[in-house]
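Step one of this worksheet: look at the structure below.
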Amino acid sequence: MSQYPPNPNQGYYGGQQPGYPPQGSYPPPGGYNPQGGYPAAPPPGSYPPPNQGYQPAPPPYIANDPYSTGEHVPFSSNTTGYGGTGYGEDPEVKGFDFSDASIRRGFIRKVYAILSVQLGITLSFICWFLYHRPTREYVYSHIGLFYASLVIVFVAMIALACCGDLRRKAPANYIFLFIFTLAESFCLACSASTFKADAVAMAVGITAAVCLGLTLFAFQTKWDFTMMGGILFVAVIILLVFGIVAIFVRSKVFQLLYASFGALLFSIYLIYDTQLMMGGKHKYSISPEEYIFAAMNLYVDIINIFMYILAIIGQARD
């Protein structure tokens, strides 16, 4: 049996490289034989390759995988794939990059198209109740219709706000939004019909001017209102308590203060919801799939601004 480990002065394959056993002892082609020692080595020049050594196998290539080519891919919160989707709050939304200007413009156009239809339906109901006396008298004599529509408003709003799958899948999201709009328009028309037509027209004009100005301000301002969600929620709770107190306090000044505070609060909410829809440079944004939810938010803000402005005009005229 040949000596192993080899003599340091003994060459490999006839003394070419020191430190290797003589030919015929190592490496074994079929493993170690306990009786005969190491079998003969492979022919010279077959292993290891001269001047190269061991070469590992290349990694498998995966299509569309930048890491399989060895390229460095930096992390980015606005990219898809390995860099993330940019919408950590909504893992169901995939393939969208809201920093893309074309996607954002299409989303904004869709939201305002839906909002225009909602406001058109609401304005039609108001005009119908104001100028058609038999309808107005019928609704006044059947007050249960108002309370039924009020229940439908809250049920539809809660369903659209809390059920993400419902508001993202057509046509169920459009159906629920249409039901919500009809019920809200009926309630608003019942309330507006208690005022004179010129006061309602004045409130509509003021609301349109205010909402247009606030929307343009939200689009161009450098102030980020999307971080004020918690503050606005607390303000809504205060407004709710304020409204409960206003039911029992029959004071004109108190009613004016309540209506003014409500109009101011929902004006800020309109800026907040508009910037959520815009995305881009703002800290928080709505996913491009949430066009129904964004339209509903803007619609509720505008309706509340109109109601409080109409209340201010009514209190001013006594």
Side-chain angles (χ1 to χ4, degrees), residues 77-78 86-90 93 96-123 153 156-157 160-162 164 167-168 173-174 177 180-181 184-185 188 203-237 239 260-310:
S77 61
N78 294 324
Y87 297 101
E89 74 279 359
D90 192 1
V93 179
F96 285 103
D97 182 7
F98 204 40
S99 62
D100 190 348
S102 61
I103 295 178
R104 183 167 62 249
R105 285 195 298 267
F107 172 70
I108 293 174
R109 285 195 298 267
K110 183 181 293 187
V111 170
Y112 278 109
I114 297 173
L115 179 62
S116 300
V117 174
Q118 289 180 280
L119 294 177
I121 293 174
T122 303
L123 187 60
V153 166
M157 182 185 295
L160 290 172
C162 300
R167 66 174 181 262
R168 295 191 190 103
N173 52 0
Y174 287 103
L177 185 65
F180 167 76
T181 304
E184 180 70 28
S185 300
L188 189 62
V204 170
I206 295 174
T207 302
V210 169
C211 293
L212 179 61
L214 292 176
T215 301
L216 294 177
F217 172 76
F219 270 88
Q220 60 84 32
T221 184
K222 296 182 180 179
W223 296 347
D224 188 3
F225 285 80
T226 62
M227 298 183 295
M228 299 177 59
I231 299 175
L232 292 176
F233 178 75
V234 173
V236 168
I237 299 299
L239 181 66
S260 301
F261 179 61
L264 176 62
L265 175 60
F266 282 98
S267 297
I268 300 175
Y269 252 116
L270 181 62
I271 301 175
Y272 170 80
D273 290 328
T274 302
Q275 290 189 346
L276 282 181
M277 177 194 63
M278 291 169 54
K281 61 184 179 180
H282 306 291
K283 184 175 181 180
Y284 299 105
S285 61
I286 297 180
S287 165
E289 287 191 345
E290 299 288 357
Y291 51 90
I292 293 294
F293 186 64
M296 185 183 70
N297 287 341
L298 295 178
Y299 175 75
V300 170
D301 296 337
I302 295 174
I303 290 303
N304 279 281
I305 292 173
F306 169 75
M307 290 172 57
Y308 287 114
I309 290 178
L310 184 60

If you compare all heavy atoms of [X] against all heavy atoms of [Y], which two are closest, and at what distance to 0.1 Å?
| X | Y | value |
| --- | --- | --- |
| T274 | L270 | OG1-O, 2.6 Å |
| S267 | L214 | CB-CD1, 3.5 Å |
| A235 | L265 | CB-CD1, 3.5 Å |
| L310 | A203 | CD1-CB, 3.8 Å |
| A294 | V111 | CB-CG2, 4.0 Å |

Under a 4.5 Å cut-off applied to non-hydrogen side-chain atoms, are [X] and [Y] in contact?
| X | Y | value |
| --- | --- | --- |
| L177 | N173 | no |
| F180 | V300 | yes |
| F306 | L188 | yes |
| T122 | E184 | no |
| D273 | L276 | yes |

With rounding to the nearest 0.5 angstrom, report the [atom1] to [atom2] distance, [X] to [Y].
| X | Y | atom1 | atom2 | answer |
| --- | --- | --- | --- | --- |
| D301 | M296 | CG | CE | 10.0 Å |
| L216 | C211 | CG | SG | 11.0 Å |
| L239 | L232 | CG | CG | 11.5 Å |
| L119 | I303 | CG | CD1 | 6.0 Å |
| Y299 | S185 | OH | OG | 3.5 Å |
| S116 | I121 | OG | CD1 | 11.0 Å |

Would you call the rings of [X] and [Y] parallel, tilted or perpendicular if under 30° counts as parallel and over 60° as perpendicular?
| X | Y | value |
| --- | --- | --- |
| Y269 | Y272 | perpendicular |
| F219 | Y112 | tilted |
| Y291 | Y174 | tilted |

Fill in: Expected output: side-chain R167 to main-chain E290 donor-acceptor under 3.5 Å
no
Worksheet item: If you measure only the distance, is there a donor-acceptor pair under 3.5 Å linking the side chains of T181 and Q118?
Response: yes
